[in-house]
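Working notes, structure below.
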Amino acid sequence: MTFNKDKQQETVIYLVLWGLLFMAPIMSLYIRTTNDTSLTFNWDEVLMVWREYGVFFAVFLVHNYLLAPLLVHKQQKLIYFSIVIALVGAFTFYQCQDRPKHHAPRIEKMERPELNEHPSRQERPELMEDPENPEHPQFAGDGAHRPHGPQHFRRDDHRPPVILSQHDVITVIILILMLGMNLGVKLYFKQKADQRQLTELEHKNLEQQLEYLKYQLNPHFLMNTLNNIHALVDIDGERAKEAIIQLSKILRYVLYETNNKRVSINKELEFMQNYTDLMRMRYGKKLQFTDTSCQLVTPGTDQPQMIPPLLFISFVENAFKHGVSYQQPSFIEITGKRYKDKQEHNRLLWSCRNSKHQKQQQTTVPQQGGVGMANVRQRLDIIFGNNYTLNVNETDNTYEVTLDIPMEA
């Protein structure tokens, strides 16, 4: 469909240019007859110009539909330039044969002047009696020489016909410029199509990367969740059953909602709450947990704000995995805040802060996150580009991640 649109635009350009060119002689003759009432509108003059334009138009059609595709689409440079040179040569030969013929030199008959027409012959007739006299008219240097005989002929000063006239050279130059214009237009639309195709390939590549990262994230998340349920089975069987119910809610979201590029922030935060409830079953009262981001959930909103799915789960997983200890007091604080930037766009400022224990102080951010953390960074780069902020603030006793992202209506 896009290809047809480009072809239509290219055809419109050619129709406009050739239409203006064929209308030019009509407009020129109309203006001349309007300014000078003694002139009449002569269609023969217009047809004569159109005849010359018709030759150019025929060459244009051959080049546009047969020759230019050889260079633009098939990259056959040798064949293209060879045929174009032959075409220009044939056009030049046609122009030389089509121009007006040179007529034969005109010969004029000149009568011999009478003797009394030359003043020297009236005043000094003796000069005519002695032809060997230096002052005889035939030796005079003042142009008085006349050929002998009753009559003589004079040939007009006609130059021999040239191979290429100035008009022929200009016509060939115009033809070459026309072919170059045609080739330039085709190359422009070819480059435009190539750029569009490259953009589509890059977009598909990014989508494939996102799908790969998401499929890599899901097994990683599921593995950690099953490990937590396995730990609950040994501690409290009833709580393990509740954990399985929570896991079913989590998997339902992962299977049916994460296939979309964007999900409602309400659904994402509800998913996070189900996950944190599951994790708190394992640690019980040993963990001080606060989650104020759930206050952002507003059921029944007409225009819910949309964000990418599974965006916060890796940070929360890391907080439970590396920030909670059975021997020492631990805490996890999750906050969320909506606000508008300077351009009045909706944004979300989300943060997760957890305790850090001495045995984990040497752990770096990539090691903490593992596969999930690396995937989140890649996803953020692909989805938001430079329109997001991810800050990590680490002290001796705390570890905090702050994420600032845009939201879509």
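Everything quoted here is computed from the prediction, not taken from an experiment.
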Going by atom types alone, do Ser38 and Asp36 pair a side-chain donor with an acceptor below 3.5 Å? yes

Which atoms form the tightest heavy-atom contact between Tyr399 and Lys356, and what is the distance? N-CB, 4.5 Å

Charged N to carboxylate O below 4.0 Å: is that the case for Glu238 and Lys241? yes

Between CD1 of Ile250 and CG of Asp277, what distance do you get to the nearest 0.5 Å? 8.5 Å

State, with a plain yes or no, whether a side-chain heavy atom of Gln195 is found less than 4.5 Å away from one of Lys192. no

For a 4.5 angstrom cut-off between non-hydrogen side-chain atoms, does Val72 reach Tyr80? no

Please enumerate all residues that pass salt bridge (Lys or Arg N to Asp or Glu O under 4.0 Å) together with Glu45, with sequence neighbours excluded. Arg32

To the nearest 0.5 Å, what is the distance between OH on Tyr14 and CG on Asn64? 4.5 Å

Can you tell me how far the CD atom of Gln305 sits from the CE atom of Met407, to the nearest 0.5 Å? 4.5 Å

Taking Thr33 for its side chain and Leu29 for its backbone only, find out whether a donor-acceptor pair lies under 3.5 Å. yes

Residue pair Tyr188 / Glu10, side-chain donor-acceptor N/O under 3.5 Å: no

Got a second to check how far Phe384's CZ is from Thr389's OG1, nearest 0.5 Å? 11.0 Å

Would you tell me whether Thr335 and Thr292 have side-chain atoms, one donor and one acceptor, within less than 3.5 Å of each other? no

Could you walk me through whether Trp50 and Trp43 pass the side-chain contact (heavy atoms from CB on, under 4.5 Å) test, one step at a time? CA-CA 10 Å; Trp50 281 1; Trp43 277 101; 4.3 Å; yes

Could you check whether any side-chain N or O of Ser351 sits under 3.5 Å from a backbone N or O of Leu349, counting only pairs where one atom can act as donor and the other as acceptor? no

Rounded to the nearest 0.5 Å, what separation is found between the CG atom of Leu61 and the CH2 atom of Trp18? 8.0 Å

Worked check of side-chain contact (heavy atoms from CB on, under 4.5 Å) between Ile334 and Gln273: CA-CA 11 Å; Ile334 301 176; Gln273 187 174 11; over 6 Å; no

For the CD atom on Gln76, are there more than 12 heavy atoms of other groups (residues, nucleotides or ligands in this structure) within a distance under 6.0 Å? yes

For Lys186 and Ala68, which heavy atoms make the closest approach, and how far apart are they? CD-CB, 3.4 Å

A side-chain contact here means heavy atoms from C-beta on lying under 4.5 Å apart; do Val59 and Leu179 qualify? yes

Say whether, by atom type as modelled, one donor and one acceptor occur between the side chain of Asn318 and the main chain of Ser314 under 3.5 angstrom. yes

Can you say whether the rings of Trp350 and Phe312 are parallel (under 30°), tilted (30 to 60°) or perpendicular (over 60°)? parallel

Flag the pair Thr171 / Phe91 as yes when at least one side-chain heavy-atom distance between them is below 4.5 Å, and no otherwise. yes

Flag if over 12 foreign heavy atoms under 6.0 Å of CZ, Phe41: yes

Are the side chains of Leu403 and Leu311 in touch, meaning some heavy atoms are under 4.5 Å apart? yes

Non-hydrogen side-chain atoms of Phe331 and Arg353 separated by less than 4.5 Å: yes

All pairs passing salt bridge (charged side-chain N to carboxylate O under 4.0 Å, His left out) where residues 64-78 contributes a residue, at least two apart: none

Residue pair Thr276 / Phe320: nearest heavy atoms and the distance that separates them: CG2-CE1, 4.1 Å

Report yes or no: does Asp291 contribute a side-chain atom to a donor-acceptor pair with the main-chain N or O of Ser293 at less than 3.5 Å? yes

Given the rule in the side-chain contact (heavy atoms from CB on, under 4.5 Å) test, do Phe22 and Val49 qualify, once you have shown the distances and angles that lead to the verdict? CA-CA 9 Å; Phe22 276 92; Val49 178; over 6 Å; no

Distance-only polar pair, side chains of Glu400 and Thr398, donor-acceptor under 3.5 Å: no

A side-chain contact here means heavy atoms from C-beta on lying under 4.5 Å apart; do Leu310 and Tyr253 qualify? yes

Measure the CD1-CG distance between Ile332 and Leu287 for me, rounded to the nearest 0.5 Å. 5.0 Å

Is Asp194 salt-bridged to Lys190, going by a charged N under 4.0 Å from an acidic O? yes

Met306 vs Ser264, side-chain contact (heavy atoms from CB on, under 4.5 Å): CA-CA, chis, key distance, verdict: CA-CA 5 Å; Met306 311 297 287; Ser264 170; 4.3 Å; yes

Distance-minimising heavy-atom pair for Val46 and Pro25: CG2-O, 4.4 Å

State whether the number of non-hydrogen atoms from other residues, nucleotides or ligands found under 6.0 Å of Gln288 atom CD is greater than 12. no

What is the minimum heavy-atom distance between Lys261 and Pro309, and which atoms define it? O-CD, 3.4 Å

Heavy-atom closest pair, residues Ser355 and Pro329: OG-O, 4.4 Å

So, do Asn346 and Arg338 sit near enough that their side-chain heavy atoms are less than 4.5 Å apart? no

OH/Tyr65: more than 12 non-hydrogen atoms of other groups inside 6.0 Å: no

Heavy atoms of other groups near Tyr30 OH, more than 12 under 6.0 Å: no

